[in-house]
Asks: 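I'd like to ask you about the structure that follows.
Read the numbers this way: they start at 1 and go in the same order the structure lists the ligands and their atoms. Both backbone and side-chain heavy atoms feed into the values below; hydrogens, waters and symmetry mates do not.
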Amino acid sequence: MIHKAHFNKIYDTAIIGGGVLGLWAARHAIKRGESVVLIEKRHIGAGASGGFLGALMPHMPDGWDAKKQFQYGGLSTLSEAIAELQSDTGHDCGYRMCGRIMPLAHEKMLQHMPVRIKGSSEFWADGYEMSLLNTTDFASDWINPDVAKFGIQYDTFSARVNPRAYLSALEAYVRPRCEVLEGLECVGILPKLGQIALLDGEKISAGKIIVANGYEAYPLLQPFMGAMNKDKPIGCGVKGQAVLVEYAHNDDLPIVYHDGSYVVPHANNRVAIGSTSVGEWQDATAFDEDNMGFYERATELVPALKDAPIIDKWASVRPRNTLEGKGTDPYFGAVENYENLVALIGGFKITLGVGHLIK
Ligand SMILES: Cc1cc2nc3c(=O)[nH]c(=O)nc-3n(C[C@H](O)[C@H](O)[C@H](O)COP(=O)(O)OP(=O)(O)OC[C@H]3O[C@@H](n4cnc5c(N)ncnc54)[C@H](O)[C@@H]3O)c2cc1C
């Protein structure tokens with residue numbers, strides 16, 4: 001039940017979307033002492049942040065650019081941000097710097113290694129590194145030597161987080177300190193008036209409007225960000241799915257990544273397997289049993305998981321930015337010509353690793 005008071009008030013900050021980006025934006029605004037309202041169409045964690053994959057994988061340390069530096073800044077400060085969140089809330093986020101292995105299936109992949117190893121020492125500080133290993137360096141049932149024909153790329157910088165536990169911690173911080181309005185859909189933004197229009201015809205007023213509603217932000221932002229070319233969409237949703245399996249391990253295994261499939265070991269004898277690559281889809285959250293190629297590839301890659309029982313399945317849609325001249329780079333900041341309108345739309349795979357950078 002929404003009380004009328006919400007519609008008569010002018011908040012310092014209104015946030016659309018209760019995923020990892022909206023919740024971090026709320027946490028920072030609350031810490032700055034602002035009055036905050038968070039508007040969520042479904043419930044907190046209903047979007048792409050509410051799954052169980054949780055890979056935090058750095059871009060390759062070659063061809064270094066601003067996007068890679070931004071992601072590095074996120075991943076290298078995340079453990080500290082999570083420690084602070086955990087201490088504020090008493091919630092464990094399931095974060096661990098677990099490292100990552102990638103099989104070198106082709107000779108060409110092996111040829112990249114010297115540049116990447118050099119790049120890791122140049123661009124990754126704090127002793128994080130990339131190296132070339134033999135298949136015998138890992139138990140062969142955690143990586144199939146037949147796939148890793150040319151060795152294994154290993155890095156110590158990759159990490160994992162339990163997305164649902166992470167969101168619970170953020171929610172535990174945010175919910176008692178601001179207005180969280182669930183079940184309300186934002187259908188339009190009026191930045192010049194400092195207002196958000198809701199489906200039921202009501203309006204919410206705020207000094208600053210932060211749009212953080214994942215792939216569903218594109219129609220809201222199109223009038224402001226797509227102004228140069230109104231017919232060209234500024235982004236789209238890419239669907240992915242994941243399964244959670246039960247597999248006894250000591251929680252000392254690295255992530256395995258190959259050919260679009262992620263294998264992410266989690267605490268309590270859980271391993272998540274997933275991929276996000278379906279461009280055309282009908283139902284955002286329906287798990288498609290006919291799209292299990294990612295799982296088959298993953299169990300070929302990690303034979304240990306072949307008989308591990310599947311205990312959960314999940315599907316969702318992540319945003320993919322396509323803004324003219326910016327490619328798939330993330331939008332993190334004020335929208336040009338609208339100082340009070342901020343877009344937080346992660347257009348890349350590692351949103352879980354950079355949410356805390358939003359100020
Ligand atoms: C299968 C899968 C696996 C993934 N694995 C990883 C991974 O391992 N590592 C990683 O870093 N990233 C991963 N991602 C990507 C990552 O999950 C997303 O990029 C990230 O969670 C997006 O967060 P967000 O806060 O922008 O959006 P979301 O988490 O999608 O949150 C948006 C929220 O806005 C709400 N909303 C939508 N429209 C409205 C509206 N009109 N009004 C009000 N509220 C609205 C939604 O209900 C939702 O709760 C994965 C994505 C998928 C689909």
Asks: For ligand 1 and Leu344, I'd like to know whether there is a polar contact (N/O to N/O, distance under 3.5 Å).
Replies: no
Asks: What atoms of ligand 1 come within less than 4.0 Å of a heavy atom belonging to Gly240?
Replies: 1 (C)
Asks: Less than 4.5 Å apart, any side-chain heavy atom of Pro233 and any of Tyr218?
Replies: no
Asks: Sort out for me which residue in Lys41, Arg175, Arg42 forms a salt bridge (Lys or Arg N to Asp or Glu O under 4.0 Å) with Glu182.
Replies: Arg175
Asks: What class does the angle between the rings of Phe157 and Tyr72 fall in, given that below 30° is parallel, 30 to 60° is tilted and above 60° is perpendicular?
Replies: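 Tilted.
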Asks: Which ligand 1 atoms, with their elements, are less than 4.0 angstrom from a heavy-atom of Ser49?
Replies: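 Reading through ligand 1 atom by atom, the close ones are 20 (C), 21 (O), 22 (C), 23 (O), 24 (P), 25 (O), 28 (P), 29 (O).
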Asks: Looking at Ile345, is its backbone amide N or carbonyl O close enough to the side chain of Asn321 to form a donor-acceptor pair, meaning the two atoms are under 3.5 Å apart?
Replies: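 Looks like yes, one N/O pair under 3.5 Å.
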Asks: Looking at Gly18, which atoms of ligand 1 are within less than 4.0 Å of one of its heavy atoms?
Replies: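 It comes down to these atoms of ligand 1: 33 (C), 34 (O).
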Asks: Under a heavy-atom criterion of less than 4.0 Å, does Ala242 contact ligand 1?
Replies: no
Asks: Can an N or O of Lys41 be found at a distance shorter than 3.5 Å from an N or O of ligand 1?
Replies: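 Between Lys41 and ligand 1 (N or O atoms, distance only) the closest approach is under 3.5 Å.
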Asks: Using heavy atoms and a 4.0 Å limit, tell me yes or no: is Gly274 in contact with ligand 1?
Replies: no
Asks: Evaluate the side-chain proximity of Tyr247 to Val302: yes if any heavy-atom separation is below 4.5 Å, no if none is.
Replies: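 A side-chain contact is absent here, since even the closest heavy-atom pair is not under 4.5 Å.
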Asks: Between Leu352 and ligand 1, which residue portion shows a heavy-atom distance shorter than 4.0 Å: side chain, backbone, both, or neither?
Replies: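 For Leu352, the contact with ligand 1 is made by both the backbone and the side chain.
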Asks: Looking at ligand 1, does Leu184 have a heavy atom less than 4.0 Å from it?
Replies: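 Yes, that is the case, since the closest heavy atom of the residue is under 4.0 Å from the ligand.
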Asks: Nearest 0.5 Å, what's the CG-NZ distance between Leu244 and Lys313?
Replies: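 One gets 12.0 Å once the value is rounded to the nearest 0.5 Å.
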Asks: Quick one: do the Trp124 and Glu129 side chains pair a donor with an acceptor below 3.5 Å?
Replies: no
Asks: For ligand 1, which atoms, with element, lie under 4.0 Å from some heavy atom of Ile39?
Replies: 43 (C), 44 (N)
Asks: Below 3.5 angstrom, do we get any N/O pair linking Arg318 and ligand 1?
Replies: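 Among all N and O atoms of Arg318, none is under 3.5 Å from an N or O of ligand 1.
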Asks: Compute the shortest N/O to N/O distance between Thr351 and ligand 1 and return yes if it is under 3.5 Å, no if not.
Replies: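 Yes, at least one N or O pair falls under 3.5 Å.
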Asks: Using a 4.0 Å cut-off to any heavy atom of Gly54, which atoms of ligand 1 qualify?
Replies: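 So the atoms of ligand 1 that pass are 8 (O).
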Asks: Side chain or backbone, does Arg42 bring an N or O within less than 3.5 Å of an N or O on ligand 1?
Replies: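 It does: an N or O of Arg42 is found under 3.5 Å from an N or O of ligand 1.
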Asks: Looking at residues at least two apart in the chain, or sitting in another chain, which of them share a salt bridge (charged side-chain N to carboxylate O under 4.0 Å, His left out) with Asp141?
Replies: none
Asks: Determine, considering heavy atoms only, which of Val354, Asn213, Val278, Ile255 sits nearest to atom 38 (N) of ligand 1.
Replies: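 That would be Asn213.
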Asks: Check whether any N or O atom of Leu21, backbone or side chain, sits under 3.5 Å from an N or O atom of ligand 1, and answer yes or no.
Replies: yes
Asks: Check Trp314 against ligand 1 and report side chain, backbone, both or neither, counting heavy atoms closer than 4.0 Å.
Replies: side chain
Asks: So is Tyr215 touching ligand 1 or not, going by heavy atoms under 4.0 Å?
Replies: no
Asks: Check whether any N or O atom of Ala212, backbone or side chain, sits under 3.5 Å from an N or O atom of ligand 1, and answer yes or no.
Replies: no
Asks: I need the Leu220 CG to Met225 CE distance, nearest 0.5 Å.
Replies: 12.0 Å
Asks: Counting from 1, what ligand 1 atoms have a heavy atom of Glu216 closer than 4.0 Å?
Replies: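 With Glu216 as reference, the close atoms of ligand 1 come out as 37 (C), 38 (N).
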Asks: Looking at ligand 1, would Gly51 count as a contact under a 4.0 Å heavy-atom criterion?
Replies: no
Asks: Check Glu300 against Asn144 and note the closest heavy-atom contact, atom names and distance.
Replies: O-ND2, 3.0 Å
Asks: Could you list the atoms of ligand 1 found under 4.0 angstrom from a heavy atom of Leu53?
Replies: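 Taking each heavy atom of Leu53 in turn, ligand 1 has 3 (C), 5 (N), 8 (O) under 4.0 Å.
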Asks: If we only count N/O pairs under 3.5 Å, is Gly353 in contact with ligand 1?
Replies: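 So ligand 1 has no N or O lying under 3.5 Å from an N or O of Gly353.
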Asks: Between Glu84 and His356, is any pair of side-chain heavy atoms under 4.5 Å apart?
Replies: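 Result no, sub-4.5 Å side-chain heavy-atom pair not found.
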Asks: Enumerate the atoms of ligand 1 whose separation from the nearest heavy atom of Thr276 is less than 4.0 angstrom.
Replies: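 Reading through ligand 1 atom by atom, the close ones are 1 (C), 2 (C), 3 (C), 4 (C), 50 (C), 51 (C), 52 (C), 53 (C).
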Asks: Any non-hydrogen side-chain atom of Asp62 less than 4.5 Å from a side-chain atom of Met130?
Replies: no
Asks: Taking the side chain as everything from C-beta on, heavy atoms only, tell me whether Cys93 gets closer than 4.5 Å to Leu85.
Replies: yes
Asks: Just so I know, are the side chains of Trp64 and Glu122 near enough to count as touching, which here means a heavy-atom distance under 4.5 Å?
Replies: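 Trp64 vs Glu122: side chains apart.
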Asks: Please classify the Gln241 to ligand 1 contact at 4.0 Å (heavy-atom distances, strictly less than): side chain, backbone, both or neither.
Replies: backbone
Asks: Using the ring centroid of each side chain, check whether Phe332 and Trp24 are separated by less than 6.0 Å.
Replies: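 Phe332 vs Trp24: aromatic centres not under 6.0 Å.
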